[in-house]
Amino acid sequence: MARVRYIGAEPVTVPELGNRTVQPDEMVEVPDARWEGYVGQTATWEAVEEPKADQPAPKKMTAAKAASSRTEG
């Protein structure tokens, strides 16, 4: 998760964060995929911690391959 700081003057409710109320100067974690949407609002949010570099997704096995790997050992 990335982090941003709310720099507005009044508390706001952020629906994307589960209707959380964010106070002025409060730092919050936001989904990495949405980070740019926050920091693009330069009058309201500032970047604190950028999203982490893309990490390789865990390998997924099909059901057939998982079943065969259980029977091979």
**Study point:** Contacts of type salt bridge (Lys or Arg N to Asp or Glu O under 4.0 Å), residue Glu29, not counting sequence neighbours
**Key:** Arg3
Review point. In the hydrophobic clustering (ILVMFWY, side-chain contacts below 4.5 Å, transitive), which residues join Val22, or is it alone?
Key: Val4, Tyr6, Val12, Val14, Leu17, Val28, Val30, Trp35, Tyr38, Val39, Trp45
Exercise for review: Grab the two heavy atoms, one from Pro24 and one from Ala9, that are nearest each other, plus how far apart they are.
Suggested key: CG-O, 3.4 Å
Practice item. Please list all pairs passing the salt bridge (Lys or Arg N to Asp or Glu O under 4.0 Å) test where one or both residues lie in residues 31-41, with sequence neighbours left out. Key: Glu16-Arg34
Review point. Rest of the hydrophobic cluster containing Met1 (Ile/Leu/Val/Met/Phe/Trp/Tyr, side-chain heavy atoms under 4.5 Å)?
Key: none
Point to revise | side-chain hydrogen bond (donor to acceptor under 3.5 Å, both in side chains) partners for Glu26, two or more places apart | key: Arg20
**Study point:** side chain to side chain contact (heavy atoms under 4.5 Å, CB included) involving Thr42 - partner list, sequence neighbours excluded
**Key:** none
Practice item. Mind checking side chain to side chain contact (heavy atoms under 4.5 Å, CB included) for Asp25 and listing every partner two or more places apart, or none if nothing turns up? Key: Arg5
